[in-house]
Amino acid sequence: KQEVTQIPAALSVPEGENLVLNCSFTDSAIYNLQWFRQDPGKGLTSLLLIQSSQREQTSGRLNASLDKSSGRSTLYIAASQPGDSATYLCAVTSNTGNQFYFGTGTSLTVIP
Amino acid sequence: SAVISQKPSRDICQRGTSLTIQCQVDSQVTMMFWYRQQPGQSLTLIATANQGSEATYESGFVIDKFPISRPNLTFSTLTVSNMSPEDSSIYLCSVGRLSYEQYFGPGTRLTVT
């Protein structure tokens with residue numbers, strides 16, 4: 001069964017720092033990988049989607065990379081802001097498209 | 001993308017009762033899912049809501065406990081039956097778009113006392 005792990009579980013950085021969140025998965029037979037943001041007690045907001053054939057995706061200050069063969073993805077946040085404080089989740093979709101596996105998340109705090 | 005709404009946003013219920021959660025999407029979608037997020041945990045898929053047929057449940061979830069309806073391509077309900085404190089969670093619906101990209105509703109925070 002697919003297992004998705006996110007490291008670190010929590011991260012605290014001063015405003016303005018660049019940071020990297022990590023996501024690893026055990027089965028490389030994936031259709032895509034998606035990064036989400038979740039604010040406390042709220043639903044999930046989609047940030048970036050990377051197809052299995054892609055290496056990276058960018059949106060504003062966010063850049064996500066995918067190394068499918070090694071089972072890893074990273075989310076890079078440039079010039080962090082207090083508004084970036086949230087929990088970041090990665091999720092992989094199985095090759096069949098009908099199974100979704102979520103990581104345990106990284107709780108990010110950006111200190112003003 | 002898709003705009004998804006859920007009702008209620010939160011509720012406090014007594015043990016042994018049932019709660020029905022509604023999920024409404026602003027456009028027709030084929031794929032609709034229900035997730036549970038227990039306190040401090042990540043998301044676990046409960047079932048895929050199929051329009052016009054019975055939902056497809058994941059291991060550990062059964063129809064008697066979590067009956068799901070999907071009468072059309074924009075609406076679904078999840079009922080949490082005979083609730084116990086262990087059912088206290090956030091329940092989220094999501095829809096799948098092209099390339100299986102998922103979009104989530106705001107969630108329903110359920111507390112069972």
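Every chain is numbered from 1 and lettered A, B, ... according to where its sequence line falls, protein lines coming before strand lines.
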Below 4.5 Å from any heavy atom of chain B, which atoms of Q6(A) appear? Answer side chain, backbone, both or neither. neither
Quick check on the interface: out of Q6(B), R109(B), Q102(B), M31(B), who has the most heavy-atom pairs with chain A under 4.5 Å? Q102(B)
More than 12 heavy atoms of other residues, nucleotides or ligands under 6.0 Å from CZ of R72(A): yes or no? no
Taking S46(A) for its side chain and Y103(B) for its backbone only, find out whether a donor-acceptor pair lies under 3.5 Å. no
Between atom OH of Y35(B) and atom CZ of F102(A), what is the distance when rounded to the nearest 0.5 Å? 4.5 Å
Tell me if the CD atom of Q54(A) is crowded by more than 12 foreign heavy atoms within 6.0 Å. yes
Under a single-linkage definition using a 4.5 Å side-chain heavy-atom cutoff for Ile, Leu, Val, Met, Phe, Trp and Tyr, are F100(A) and Y31(A) assigned to the same hydrophobic cluster? yes
Is it the side chain or the backbone of Y101(A) that comes within 4.5 Å of chain B heavy atoms, both, or neither? neither
Point-to-point distance, once rounded to the nearest 0.5 Å, from CG of L89(A) to CD of Q37(B): 7.0 Å
To the nearest 0.5 Å, atom CD1 of I90(B) lies from atom NZ of K42(A) at 10.0 Å
R55(A) atom CZ, over 12 foreign heavy atoms within 6.0 Å: no
Given a strict heavy-atom distance threshold of 4.5 Å, which part of Q41(B) is in contact with chain A: side chain, backbone, both, or neither? neither
Is V95(B) linked to L49(A) within one hydrophobic cluster, defined over Ile, Leu, Val, Met, Phe, Trp and Tyr using a side-chain heavy-atom separation of less than 4.5 Å? no
Assigning hydrophobic clusters by single linkage (Ile, Leu, Val, Met, Phe, Trp, Tyr; side-chain heavy-atom cutoff under 4.5 Å), is I68(B) placed with F33(B)? no
Are more than 12 heavy atoms, taken from residues, nucleotides or ligands other than I12(B), located less than 6.0 Å from that residue's CD1 atom? no
So which heavy atom on E101(B) is nearest to which on N32(A), and how close? N-ND2, 4.4 Å
Heavy-atom nearest pair, F104(B) first then L44(A), reads CB-O, 3.5 Å
